[in-house]
There are 2 protein chains.
Amino acid sequence: MNGLIGEFSCKLDGKGRLSLPSKLRAQWPESALHTLVVNRGFEKCLVLYTKEDWLAEMEKLNAVDDFMSPEIRRFKRIFTNGANLMSIDSAQRILIPKKLLEYAGLGTDVVLSANGRKVEIWDEQLYNSELNVDSSELSQLAQHFHQQRKPLGE
Amino acid sequence: MNGLIGEFSCKLDGKGRLSLPSKLRAQWPESALHTLVVNRGFEKCLVLYTKEDWLAEMEKLNAVDDFMSPEIRRFKRIFTNGANLMSIDSAQRILIPKKLLEYAGLGTDVVLSANGRKVEIWDEQLYNSELNVDSSELSQLAQHFHQQRKPLGE
DNA sequence: GGAAAATGTGGGTAATTGTGGGAATTTGTG
DNA sequence: CACAAATTCCCACAATTACCCACATTTTCC
């Protein structure tokens with residue numbers, strides 16, 4: 001599982017286009033660039049995948065049967081419904097759909113932040129406040145993380 | 001787990017380039033030098049890793065699924081924030097992104113300080129005041145360290 | 001100590017990348 | 001079919017980064 005690395009500041013132009021930084025592009029195979037997928041994130045941000053990685057996410061979802069419960073069906077519907085296929089233009093940019101721009105509150109200045117095999121897309125201001133923690137909260141988060149880590153084993 | 005050793009003073013040039021001391025480079029395999037990673041430290045400094053070590057840290061993070069909880073996602077973001085891939089130029093220098101220079105308040109004179117498998121990068125003045133402790137504080141810190149060591153395990 | 005090698009430091013130039021916007025093409029809608 | 005909106009293609013300029021060379025300083029070795 002080789003993860004992506006990097007945090008990038010970029011600008012959205014008036015048309016909602018986002019140019020992907022070359023250091024990010026370089027981490028994906030050339031072929032992947034023509035079929036990327038963006039979706040809503042759980043927080044007020046968007047998430048970018050290669051199509052391949054997106055399909056892997058879908059596998060996870062589909063591993064749980066629809067018969068299970070209405071909530072399962074609803075979750076799948078909502079999660080899937082924001083997904084958008086997009087391709088890269090000749091200037092290495094993707095065009096982000098209006099609905100998603102609104103959802104994430106994206107202005108001109110945005111931040112791309114690698115996370116595992118995904119890339120989160122944040123409005124810069126929101127991103128900064130998301131990262132603004134004091135040390136006591138940080139240690140709480142760290143504890144939380146350690147607790148969650150154990151049950152999964154390894 | 002073989003740790004790095006040393007504390008080095010170096011200079012940043014006008015373009016934000018930092019030349020890595022040969023005694024530090026010698027502690028990493030030749031192959032590692034072409035893909036290093038910096039990110040923000042929890043204090044007002046930067047942290048430098050080999051890509052390999054960075055990815056190992058990431059493995060730990062990615063072992064916990066994003067679906068788990070908002071706290072998990074937040075923790076991951078905070079931990080990885082500012083990450084940047086960088087390569088070394090023909091004069092054995094790395095180019096430190098402007099944002100990170102600002103974050104750590106780096107001026108011309110900086111200090112590299114080895115810490116485990118990471119290297120911290122400090123502005124020289126900040127570093128000196130950070131290290132300006134008297135012995136009673138040192139002993140308090142040691143106590144705190146000892147107490148925290150048990151619960152977290154590992 | 002002195003010569004030779006390696007290292008640290010600085011800067012100029014060329015190539016790449018990021019950014020913006022006009023014009024043409026496509027799409028959807030009445 | 002006509003029109004407005006959205007998308008793609010194209011070019012141009014600015015900013016950033018990579019590459020190269022020069023020289024001062026430090027280290028190494030005889």
Side-chain angles (χ1 to χ4, degrees), chain A residues 4-28 30 33-38 46 48 83-103 106-114 119 121-124 127, chain B residues 5-28 30 33-38 46 48 51 82-103 106-114 119 121-124:
Chain A
L4 301 168
I5 299 175
E7 181 193 278
F8 312 92
S9 301
C10 345
K11 289 190 189 295
L12 273 176
D13 65 23
K15 298 177 183 176
R17 291 179 301 188
L18 174 68
S19 84
L20 296 182
S22 63
K23 284 192 181 175
L24 177 59
R25 280 171 2 232
Q27 295 179 61
W28 280 322
E30 175 91 20
L33 296 175
H34 291 281
T35 45
L36 297 170
V37 175
V38 246
L46 305 179
L48 183 65
N84 262 274
L85 247 183
M86 41 188 31
S87 56
I88 213 168
D89 74 9
S90 57
Q92 323 293 340
R93 292 177 290 200
I94 55 177
L95 181 67
I96 299 184
K98 284 232 172 83
K99 280 209 171 183
L100 295 184
L101 288 179
E102 281 172 28
Y103 175 82
L106 299 185
T108 302
D109 296 301
V110 301
V111 175
L112 307 194
S113 174
V119 178
I121 305 176
W122 287 80
D123 179 75
E124 187 170 56
Y127 185 71
Chain B
I5 298 174
E7 182 187 292
F8 313 91
S9 301
C10 345
K11 288 189 190 296
L12 273 176
D13 65 22
K15 296 180 181 177
R17 291 179 300 189
L18 172 67
S19 84
L20 295 181
S22 63
K23 288 192 179 171
L24 176 59
R25 284 178 351 240
Q27 295 179 60
W28 281 321
E30 174 90 20
L33 295 175
H34 291 281
T35 45
L36 298 170
V37 176
V38 252
L46 305 179
L48 182 65
K51 183 183 177 187
N84 252 279
L85 255 178
M86 41 186 33
S87 54
I88 214 167
D89 74 8
S90 57
Q92 323 293 338
R93 292 176 292 199
I94 55 178
L95 179 67
I96 299 186
K98 282 211 178 115
K99 280 212 165 184
L100 295 185
L101 289 180
E102 281 172 27
Y103 173 80
L106 299 184
T108 303
D109 296 302
V110 301
V111 176
L112 305 194
S113 172
V119 179
I121 305 176
W122 287 82
D123 179 75
E124 188 168 57

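Chain identifiers are assigned alphabetically (A, B, ...) following the order of the sequence lines, protein sequences preceding nucleic acid strands; residue numbering begins at 1 within each chain.
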Practice task
For A:Ile94 and D:dT8, give me the distance from atom CD1 to atom P, rounded to whole Å.
Solution key: 12 Å
Exercise for the section: For the residue pair A:Lys99 and A:Asn84, establish whether any side-chain heavy-atom pair is separated by less than 4.5 Å. Expected result: no
Problem - Interatomic distance, B:Phe8 CZ vs C:dT7 P [rounded to whole Å] - result: 13 Å
Problem - Any B:Ser19 side-chain N or O less than 4.0 Å from OP1/OP2 of C:dT9 - result: yes
Problem - Listed nucleotide nearest any side-chain atom of A:Cys10, set C:dG18, C:dT19, C:dG10 - result: C:dT19
Handout entry: B:Leu20 CG to B:Leu18 CG distance, which is reported to the nearest 0.5 Å
Key = 5.5 Å
Exercise for the section: Using a heavy-atom cut-off of under 4.0 Å over every strand shown, decide if B:Lys23 touches base, sugar-phosphate, or nothing. Expected result: nothing
Exercise for the section: Send over the distance from B:Lys99 NZ to C:dG18 P, rounded to a whole Å. Expected result: 15 Å
Problem - Under-3.5 Å donor-acceptor pair between A:Lys15 side chain and D:dT8 base - result: yes
Problem - Nearest-angstrom distance from the residue atom CG of A:Asp13 to P of D:dC9 - result: 15 Å
Completion exercise
Here the distance between atom C1' of C:dA6 and atom CG of B:Leu20, to the nearest Å, is 16 Å
Fill in the blank from the handout: From CG of B:Asn84 across to C1' of D:dT17 the rounded distance in Å is 13 Å
Problem - Close side-chain approach of B:His34 to B:Ile88, heavy-atom, < 4.5 Å - result: yes
Fill in the blank from the handout: Of the listed D:dA6, D:dC10, C:dG18, the closest approach to the A:Arg93 side chain comes from D:dC10
Practice task
With the side chain of A:Arg17 defined as its heavy atoms from C-beta on, choose the nearest nucleotide among C:dT19, C:dG21, C:dT9.
Solution key: C:dG21
Handout entry: Side-chain heavy atoms of B:Leu95 within contact of B:Asp89, under 4.5 Å
Key = no
Handout entry: Nearest-Å distance for atom pair CG/P, residues A:Asp89 and C:dG20
Key = 14 Å
Exercise for the section: Would you mind reporting whether B:Ile96 and B:Val38 have side-chain heavy atoms less than 4.5 Å apart? Expected result: no
Completion exercise
The residue, A:Ala91 or A:Lys98, whose nearest nucleotide of DNA chain D is more 5′ is A:Lys98
Exercise for the section: Take atom CD1 of A:Ile88 and atom P of D:dT7, then tell me their distance rounded to the nearest Å. Expected result: 17 Å
Handout entry: Of the listed nucleotides D:dT8, C:dT17, C:dT9, the one nearest the side chain of A:Leu95
Key = D:dT8
Problem - Proximal nucleotide (of D:dC10, C:dG8, D:dC19) relative to the B:Ser22 side chain - result: C:dG8
